[in-house]
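One structure below.
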Amino acid sequence: METVRRSLESRLVGARISNCCVTEKKILRSTRGVDILEGQTVLSLDRRGKYLIVETDRHHVIVHLGMTGQLTIRDPNRPDSQSFDRHPVTGLETAVQHPPDRHTHFHVCLSDGRSLLFRDTRKFGRVFVLEKDGHSLLDFFAARKLGLEPFSPSYQLPAFLALLRKRTLRIKSLLLNQSFVAGVGNIYADEALFEAGIHPARRTTTLRRSEKILLFEKVLVVLERGIRNKGTTFRDFIDGDGREGDNRDELFVYGRAGEPCLRCGTAIRKIVVSQRGTHFCPTCQPRKR
DNA sequence: CGTTGATCCTGGGCGC
DNA sequence: TGCGCCCAGGATCAAC
């Protein structure tokens with residue numbers, strides 16, 4: 001989501017909303033629809049965890065991409081690509097914007113002719129519209145109880161250790177819980193655990209202090225790498241310009257089941273933890289301590 | 001309260 | 001080519 005935010009920021013800030021249209025009501029959470037956004041100007045783009053926060057004159061529009069959500073700008077002065085096919089490995093990235101299709105659920109038309117499109121095949125994504133006056137934004141995030149924010153002053157070791165205390169669940173499950181560290185998803189959880197040499201199914205109570213500290217650091221490392229590579233694309237992820245991310249090429253375990261570990265050569269294994277596919281190296285991440 | 005599992009969706013890939 | 005099954009970057013809610 002940070003990749004999406006960065007790609008959209010310069011293009012959206014200052015833009016004026018002329019018209020809005022929701023074609024799938026399920027994804028929208030707004031007490032007064034979306035027409036209330038018309039005529040407003042985008043003031044800023046922020047992010048908390050996996051939530052994008054678009055600030056307009058009188059509202060906050062919050063977007064969560066779920067699993068397959070895409071938020072892109074469409075510029076009529078650029079040609080649409082002809083399909084959703086992956087560009088070849090050696091292909092040059094030029095204009096890659098996509099025209100709306102049956103999975104495009106939310107259109108925001110801008111006064112300069114461009115539009116912001118929200119597309120989401122699985123419809124797990126959400127768009128929230130909050131009134132700016134009052135405590136709507138605070139209430140929104142208070143209700144979701146997001147945990148430490150990486151790269152912000154809140155991300156500190158004592159707080160990290162405190163959140164680990166008195167928990168009995170598996171470390172992978174905790175990493176996926178957004179009330180622990182906000183923004184860590186399935187890919188980055190597996191990658192952070194690999195880098196820290198921790199088996200994903202271990203109970204948090206069995207972690208040594210040194211392992212916790214390593215994990216604290218590696219969460220930042222893998223997120224930073226993901227952002228530097230502009231996101232991890234397996235099938236659906238694209239940034240605001242429609243470009244895929246390169247981080248898949250730098251993954252150590254996620255999506256590599258059966259392939260050799262890049263550190264020791266052992267075959268990467270895949271198990272299920274918290275009903276999520278979980279990848280690890282049995283040698284680099286031993287179960288027993 | 002903490003933890004676990006079902007559920008919401010659509011589409012791609014695989015075995016038969 | 002088609003069918004059935006399993007899998008997928010996530011969060012929420014019910015049940016224990």
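So you know, we letter chains A, B, ... as the sequences are listed, proteins then strands, and number each from 1. All values below were derived from every heavy atom in this structure, side-chain atoms included, with hydrogens, water molecules and symmetry-related copies excluded.
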Checklist entry - A/Phe141 has an atom CZ; how far is it from atom C1' of C/dA11, in whole Å? => result 14 Å
Item to check | Sugar-phosphate only, base, or nothing, as touched by A/Arg203 at under 4.0 Å among non-hydrogen atoms | outcome: sugar-phosphate
Next on the checklist: Taking only side-chain N and O atoms of A/Tyr188, does any of them lie within less than 4.0 angstrom of OP1 or OP2 on C/dG9?
Outcome noted: no
Checklist entry - Can you tell me how far C1' of B/dC8 sits from CZ of A/Arg126, to the nearest Å? => result 8 Å
Item to check | Protein-nucleotide distance (A/Asp120, atom CG; C/dG10, atom C1'), rounded to Å | outcome: 10 Å
Item to check | Distance test, side-chain N/O of A/Lys166 to OP1/OP2 of B/dG2, below 4.0 Å | outcome: no
Checklist entry - How would you label the contact of A/Gly125 with the nucleic acid (heavy atoms, under 4.0 Å): base, sugar-phosphate, or nothing? => result nothing
Checklist entry - Can you check whether A/Arg276 has a side-chain N or O nearer than 4.0 Å to OP1 or OP2 of C/dC7? => result no
Next on the checklist: If the cut-off is 4.0 Å, is A/Arg167 near the phosphate of B/dT3, judged by side-chain N/O to OP1 or OP2?
Outcome noted: yes
Checklist entry - For the side chain of A/Leu169, counting heavy atoms from C-beta on, which of B/dC9, C/dG9, B/dT4 is nearest? => result B/dT4
Next on the checklist: Students often get this wrong, so: under 4.0 angstrom with heavy atoms, is A/Lys270 touching a base, only sugar-phosphate, or nothing?
Outcome noted: sugar-phosphate
Next on the checklist: C/dG9, OP1 or OP2 - any side-chain N/O from A/Lys50 closer than 4.0 Å?
Outcome noted: no
Checklist entry - Which one, C/dG10, C/dA8, B/dT4, comes nearest to the side chain of A/Tyr254? => result C/dA8
Next on the checklist: Would you say A/Arg144 places a side-chain N or O within less than 4.0 Å of OP1 or OP2 belonging to C/dT12?
Outcome noted: yes
Checklist entry - With hydrophobic residues grouped by side-chain heavy-atom distances under 4.5 Å, do A/Val127 and A/Leu130 end up in a single group? => result no
Next on the checklist: With a 4.0 Å cut-off on N to O distance, would you call A/Lys123 and A/Glu24 a salt bridge?
Outcome noted: yes
Checklist entry - Between A/Leu174 (CG) and C/dA11 (P), how many Å, whole number? => result 14 Å
Item to check | Minimum-distance nucleotide to A/Thr168 side chain [options: B/dC9, C/dT12, B/dG2] | outcome: B/dG2
Checklist entry - Tell me: CG of A/Leu164 to P of B/dT3, nearest whole Å? => result 11 Å
Checklist entry - Is the phosphate of C/dG10, meaning OP1 or OP2, less than 4.0 Å from a side-chain N or O of A/His64? => result no
Next on the checklist: Base of B/dA6, side chain of A/Gln275 - is there a donor-acceptor contact under 3.5 Å?
Outcome noted: yes
Checklist entry - Heavy-atom distance under 4.5 Å between the side chains of A/Thr68 and A/His103, does that happen here? => result no
Next on the checklist: Using the rule salt bridge (Lys or Arg N to Asp or Glu O under 4.0 Å), only one of A/Arg5, A/Arg11, A/Arg6 pairs with A/Glu9; which is it?
Outcome noted: A/Arg5
Item to check | Euclidean distance, atom NZ of residue A/Lys25 to atom C1' of B/dC9 [Å, nearest integer] | outcome: 18 Å
Next on the checklist: Output the rounded distance in Å from CZ (A/Arg48) to P (C/dA11).
Outcome noted: 13 Å
Item to check | Note: A/Glu211-A/Arg202 ion pair, threshold 4.0 Å (strictly below) | outcome: yes
